[in-house]
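Notes follow once the structure below has been shown.
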Number of protein chains: 2
Amino acid sequence: MQTRTTPAGRTGRPRSAAADAAILAATRAALVELGWSRLTLGDVATRAGVAKTTLYRRWAGKNELVVDAVAELFDELRLPDRGSLAADIEGAVLQFAAILSRPEAKSGLMAVVAESTRDAALRERIRASIVDRQKRLVLEGRARAQARGELPPENDPEEAARTVDLIFDVVAGAVVHRTLVSAEPADEEWVRGFTRLLLRGLVDASAQEAQKALEA
Amino acid sequence: MQTRTTPAGRTGRPRSAAADAAILAATRAALVELGWSRLTLGDVATRAGVAKTTLYRRWAGKNELVVDAVAELFDELRLPDRGSLAADIEGAVLQFAAILSRPEAKSGLMAVVAESTRDAALRERIRASIVDRQKRLVLEGRARAQARGELPPENDPEEAARTVDLIFDVVAGAVVHRTLVSAEPADEEWVRGFTRLLLRGLVDASAQEAQKALEA
DNA sequence: GCCATTACGCTACGGGTCGTAGCGTAAGCG
DNA sequence: CGCTTACGCTACGACCCGTAGCGTAATGGC
């Protein structure tokens, strides 16, 4: 999220930072009420109390505007140390799920991702302002787990990068799919099951389930 | 995919099945060339050699049309028995990835999913024509693995259903995220790594990696 | 204070898409 | 041959798009 205030060493009237905030908030409100397809820039401008031309002076179009509006939702994403890899994963996933449960995130994020398949610049914008911040959590969690001895240190840095990418796609993809496609909440129970599967794998997790059932 | 020919016991001129096929094909072609947002129903009608009004007589709007057009891409989805759970998973994931690698699937599918967050009927349509067919593969694969003894039989049917849903979200979500968000191909190498993670889990998979590195 | 510069609000516009209505024609069934 | 339904075509008001033009507001430099 780049600051939009006028860069130093420039003459002329500075851009209103308040207008930016109002526009992005109005965009999220419009996403909630109308969804992606019915959202119009004219409507957003009216909601924000801003002229339509001001919108076009700052953003190239609907896609870029929505990316920035949704990106702000991910500002709160943190990774508090919960003591174990499993707890860290559960915490991060629950935070991600909480953001994704908001209607403005659901309708906005997926729509721009869909558009980004035909627009490399848009894809890069999404990566920089949203995706990379999520991926950083994976890196942080991995480092902590290695420090705790829960995961072995990486030998091949290239292989390690591939693994991080893989885990990221699995975690983020699973939460998104659960929330948007299956349209069911990624609540604590689900997250526990997911974390167990991620850590121990399908075979071991199933065996554990069978074991529990036998004991009962 | 429901047949759109006139149901038996009806009078009047029957709907042209050829027109349906032409319209859906034209929709996919338009998705490839224009993407979701720039796709217009008027353009699709022209491409299909059909009047615009005919389109509106059959589909309520852009969303429903694209769902049906994309759904046809999933007709080829099968699960040949490859002898082991790992091989079955790899085969199914590679098929799914091949479909998702098409531009018409990328831009179309995610867009309608985004729209479905605000439209329960559309979500149900997607579920019936696309999602359920994928989920059936998970059920089939699980049954085979149990028959082979690779997975324990399920005791609690409710728990089993939850597990199937979980695995489905993980598999489909990971492939979608890899293909659309990370914008990199889910090729054989990636699928192998993913399958290992899914089966053995993060801890075991990492230990194996470290082991391999030590041996080398 | 005055000027250059940039941002803002407002209005107006051509162009495109939407979704529908109306009407004549085509293709089935009894 | 009639009845019924689908189709093609045209036309339409409504909406949204993205931009141009102009007067005004808010800065910094002199």
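FYI, side chains are in, hydrogens and waters are out, and symmetry mates aren't considered; it's all heavy atoms of this structure. Letters A, B, ... mirror the listed sequences (proteins, then strands); counts begin at 1.
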Side chain to side chain contact (heavy atoms under 4.5 Å, CB included) with Ala97(B): which residues, sequence neighbours excluded? Val175(B), Ala186(B)
Can you give one letter per nucleotide of nucleotides 23-30 of chain C, 5' to 3': B if a protein heavy atom sits under 4.0 Å from the base, S if only from the sugar-phosphate, - if neither? ---BBB--
Given protein heavy atoms under 4.0 Å, the one-letter contact record of nucleotides 13-18 of chain D, with B base, S sugar-phosphate only and - none, is simply ---SSB
Can you measure [X] atom [atom1] to [N] atom [atom2] for me and round it to whole angstrom units?
| X | N | atom1 | atom2 | answer |
| --- | --- | --- | --- | --- |
| Ile23(A) | dA7(C) | CD1 | C1' | 12 Å |
| Leu55(B) | dC9(D) | CG | C1' | 15 Å |
| Asn63(B) | dG19(C) | CG | C1' | 15 Å |

Lys62(A) to Trp36(A) six-membered ring, cation-pi geometry met (6.0 Å, 45°): yes
For Thr54(A) and for Thr53(B), locate the closest nucleotide of DNA chain C by heavy-atom distance; then report the residue assigned to the nucleotide nearer the 5' terminus. Thr54(A)
Aromatic plane relationship, Phe96(B) with Phe74(B) - under 30° parallel, 30 to 60° tilted, over 60° perpendicular: tilted
Could you tell me whether a side-chain N or O of Arg123(B) sits under 3.5 Å from a main-chain N or O of Val181(A), the two making a donor and an acceptor? no
Less than 4.0 angstrom from a charged side-chain N to a carboxylate O is my criterion; do [X] and [Y] meet it?
| X | Y | value |
| --- | --- | --- |
| Glu189(B) | Arg162(A) | yes |
| Asp132(B) | Arg127(B) | yes |
| Glu140(B) | Arg136(B) | no |
| Arg125(A) | Glu64(A) | no |

Side-chain-base donor-acceptor pair under 3.5 Å for Ser16(A) and dC8(C): no
